[in-house]
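To find a chain, count down the sequence lines: A is the first, B the second, and so on, and within it residues start at 1. In this text the structure is predicted, and so the values were computed from the model without any measurement.
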There are 4 protein chains.
Amino acid sequence: MNKNKPKFKQIIEAAVEVIAENGYHASQVSKIAKKAGVADGTIYLYFTNKEDILVSLFEEKMGQFIDQIANSIHKKQNASEKLFTLIEMHFRQLADDHHLAIVTQLELRQSNKDLRLKINNVLKPYLAVIDHLILEGIEEKLFREDLNLPLVRQMIFGTLDEIVTNWVMKDQKYDLLDQASQVHTLLVNGLSMK
Amino acid sequence: MNKNKPKFKQIIEAAVEVIAENGYHASQVSKIAKKAGVADGTIYLYFTNKEDILVSLFEEKMGQFIDQIANSIHKKQNASEKLFTLIEMHFRQLADDHHLAIVTQLELRQSNKDLRLKINNVLKPYLAVIDHLILEGIEEKLFREDLNLPLVRQMIFGTLDEIVTNWVMKDQKYDLLDQASQVHTLLVNGLSMK
Amino acid sequence: MNKNKPKFKQIIEAAVEVIAENGYHASQVSKIAKKAGVADGTIYLYFTNKEDILVSLFEEKMGQFIDQIANSIHKKQNASEKLFTLIEMHFRQLADDHHLAIVTQLELRQSNKDLRLKINNVLKPYLAVIDHLILEGIEEKLFREDLNLPLVRQMIFGTLDEIVTNWVMKDQKYDLLDQASQVHTLLVNGLSMK
Amino acid sequence: MNKNKPKFKQIIEAAVEVIAENGYHASQVSKIAKKAGVADGTIYLYFTNKEDILVSLFEEKMGQFIDQIANSIHKKQNASEKLFTLIEMHFRQLADDHHLAIVTQLELRQSNKDLRLKINNVLKPYLAVIDHLILEGIEEKLFREDLNLPLVRQMIFGTLDEIVTNWVMKDQKYDLLDQASQVHTLLVNGLSMK
DNA sequence: AATGAATGAGAATTCATTCAT
DNA sequence: CATGAATGAATTCTCATTCAT
């Protein structure tokens, strides 16, 4: 299968770099091929078209991203700790890979509706992890039982995503991880006084 | 000034419709001109280029959007009510204008970095309204005093934006306004049991 | 008749300035109108189209140019002196009007074949003056009698034109008139030793 | 290197034909591509843009033109014979290629200042050949020693150019080469009686 | 006579994808 | 498997000219 051949990953890594450096619209297939050290035509032996490179990039990177988070969460005792770990891992992984952060937060969003639907599919396992975490919190009586699951998921994901995007747009100048604890508190306790 | 001439608004309305119906990338200037009932060249008497149509569209629509919210909030007594009103008005205005919702949540995000920076500028007054509301809540001792202002702002905006985007991507099938109350509770009280 | 109305000349003067300053292709009708202090539409009350402005400009300016030369020559005694005067006047008039020199030597040549044919027509009286001068020289036995009239005319005009064009392309940095005497000698005596 | 690939010359030949037949402004890239039997995009594998086609055309054709003249001159004994050969070769080459004559004398002059400066650069070696010839004539005591080199060069080139242009504008109806001898006499002996 | 808002035709260039070698 | 030369569809913007006022 193509996915395990070295050139597959080679092309994906090249795509991340090229997109991070040049932006989505200036990232021609020929530029990615050059950076990957292959001929233009070779790209099409591993990917059906340009969109497939981007979807595969997202699958590959998000797969690892989600696995890392799922693994780390697994070890934690309760929903609150799990949420903290999820936030921390979400931030840490993007803070550790600046190119990837630019690509996922800014560049890939310039894709058309079709591609964005496929990207959403890739995100589903992550959203499932969040859902699971919320349900666990409810069972543990840490979270309120009347929580609207999709809404809470959207709040959590929307908050994290917006925070990371702001950080990327500010050129990643401050330390994203410093914010994990406060974000955790905000999500768990909201804005209210105790 | 061009902005007050009828054709300026006429072209913007046409642009919203065309983009909502055809998608960002399939919205040629000639299509917008045709829908607006003017010649292609007339577009360029009112806008410097295609990007300027989109920025102006966003300025025009978001200006009204923000004014409406600011006005409604103004009448409310405390920060909690104001936040509720902000959520409700945010949802209501997009729910009332399906085309606009599609354009702002999906299509305009496909624009390049340059345009997105301009769009962010247009959003600043809205973010200022949110900031103001948070500070008021803190003064009223409704909200915790240790709140990190940018972070809270990002949570609120990120949450609302993600919820609206999900609703648009689900083809606006359910009633967005029904969620306002629950979102308000979530933001104010977080996930915790009382 | 339009030609004697003040706006006719006003527009032509504006055209010379605009073309000299902006170049042929960047000289839109609207720019000429603005410089002339009239509305775009007004141009079309005095000229049938843009080409007509340029032809009229050339007619107007070349008419004066040729009249000046013809008058000056008339006073001279023999063909050699007349040729010298023609050269001197040709150079002087262009050296005295830098804008006109740029327009006639560089910018107007970028026009299409049609316009150039019309411009050639305007030049015919000048070429007739040259022809006349040559014939006079032959009659006076100053010039050889076996001269091929069109060829000599082309040599004289081609030489003067090339010299002026080189001077304009070198940004009119040196004194064109200084060359008149040498050019006269060259044309009369050729390259040979006496 | 692209310049030696067959398609490079193929496209240039097509450009000469298309421009000669349709005129400079009606010579779209797609027309040239069609005549050359390649796709529009292929043009841009060999030329950076449309202007580059024209500059390359001129370089290619003038390069040969000048080489031919330089070679022919080289064999001649004295400056007078060399000048005659230069005139004859100048005329012959343009008379032998009607399309090229139209393109160089009429169409390419409609280009903008930028392109014309580049074209002038291509002409420099030709002007150097002329300069060399004049200096040789002076050394041989055939030509006067007080000749102003740039001025003489401009007279020679201006004369030849004007004669060829007149011939092209008269639709190349008469035999250009017939004039070589008379032009030579004119340049060498001027207008004077012996 | 004068205005100037409106018109709409027209063309260079890019780049994802193919396929003969 | 790999190559890379060739393809060709697709779109913004300019500006000479008109005509209702």
Side-chain angles (χ1 to χ4, degrees), chain A residues 2 5-8 11 25-34 36-54, chain B residues 2 5-8 10-11 25-34 36-53, chain C residues 2 5-8 11 25-34 36-54, chain D residues 2 5-8 10-11 25-34 36-53:
Chain A
N2 266 348
K5 295 189 183 160
K7 280 192 182 161
F8 181 85
I11 291 166
H25 283 111
S27 295
Q28 298 84 350
V29 171
S30 62
K31 225 180 239 171
I32 295 172
K34 196 171 187 182
V38 301
D40 293 15
T42 305
I43 298 266
Y44 291 87
L45 299 175
Y46 294 88
F47 302 89
T48 55
N49 53 33
K50 187 182 180 181
E51 185 178 296
D52 188 35
I53 307 177
L54 304 174
Chain B
N2 267 346
K5 294 186 184 163
K7 281 196 180 152
F8 180 85
Q10 195 175 324
I11 291 165
H25 284 111
S27 296
Q28 298 86 343
V29 171
S30 61
K31 230 179 234 171
I32 296 173
K34 197 169 186 181
V38 301
D40 292 16
T42 304
I43 298 267
Y44 293 87
L45 297 175
Y46 295 88
F47 303 90
T48 54
N49 52 33
K50 188 181 179 182
E51 184 179 298
D52 189 36
I53 307 177
Chain C
N2 267 345
K5 295 192 182 159
K7 281 195 182 159
F8 180 85
I11 291 165
H25 283 112
S27 295
Q28 296 84 351
V29 171
S30 62
K31 225 178 237 169
I32 295 172
K34 195 171 185 182
V38 302
D40 294 15
T42 305
I43 298 266
Y44 291 87
L45 298 174
Y46 294 88
F47 303 89
T48 56
N49 53 31
K50 187 180 179 182
E51 187 178 295
D52 188 36
I53 306 177
L54 304 174
Chain D
N2 267 348
K5 293 188 185 163
K7 281 195 181 152
F8 180 86
Q10 196 173 323
I11 291 165
H25 283 112
S27 295
Q28 298 85 344
V29 171
S30 62
K31 228 178 234 171
I32 295 172
K34 197 169 186 181
V38 300
D40 292 15
T42 304
I43 300 267
Y44 292 88
L45 297 176
Y46 295 88
F47 304 89
T48 54
N49 52 35
K50 188 181 179 182
E51 183 179 300
D52 189 35
I53 307 176

Checklist outcome for this item: Judged by nearest nucleotide, the residue sitting upstream toward the 5' end of DNA chain F, B:V29 or D:I43, is D:I43
Rounding to an integer number of Å, can you tell me how far [X] [atom1] sits from [N] [atom2]?
X     : N      : atom1 : atom2 : value
A:I32 : F:dG4  : CD1   : P     : 17 Å
C:Y44 : F:dT17 : OH    : P     : 4 Å
D:N49 : E:dA11 : CG    : P     : 17 Å
C:F8  : E:dA2  : CZ    : C1'   : 18 Å
D:K34 : F:dT7  : NZ    : P     : 14 Å
B:I53 : F:dC13 : CD1   : C1'   : 11 Å
D:H25 : E:dA12 : NE2   : C1'   : 14 Å
C:Q28 : F:dC13 : CD    : P     : 16 Å

Item to check | Partner residues of B:F47 under the ring-ring contact (aromatic ring centres under 6.0 Å, His included) criterion, sequence neighbours left out | outcome: B:F8
May I ask you to test the [X]-[Y] pair for a side-chain heavy-atom distance under 4.5 Å?
X     : Y     : result
D:I32 : D:V29 : no
B:T42 : B:Y46 : yes
B:K31 : B:K34 : no

Once rounded to the nearest 0.5 Å, what's the spacing between atom [atom1] of [X] and atom [atom2] of [Y]?
X     : Y     : atom1 : atom2 : result
C:Q28 : C:K50 : CD    : NZ    : 6.5 Å
B:K5  : B:I11 : NZ    : CD1   : 11.0 Å
D:I43 : D:T48 : CD1   : OG1   : 12.0 Å

Next on the checklist: I want to confirm an ordering. Mapping D:K50 and A:E51 to their closest nucleotides on DNA chain E, which one lands closer to the 5' end?
Outcome noted: D:K50
Output one line per pair: protein atom, nucleotide atom from nucleotides 5-7 of chain E, and distance, for all N/O pairs under 3.5 Å.
unit_1 : atom_1 : unit_2 : atom_2 : d
E:dA6  : OP1    : B:K7   : NZ     : 2.9
E:dA6  : OP2    : B:Y46  : OH     : 2.6
E:dT7  : OP2    : B:A39  : N      : 3.0
E:dT7  : OP2    : B:T42  : OG1    : 2.2

Checklist entry - How does DNA chain F look in dot-bracket form if you count Watson-Crick and G-U pairs under 3.5 Å, write [ ] for pairs that cross, and put | where a base pairs with another strand? => result .||||||||||||||||||||
Checklist entry - Closest heavy-atom contact between D:H25 and C:H25? => result NE2-NE2, 3.8 Å
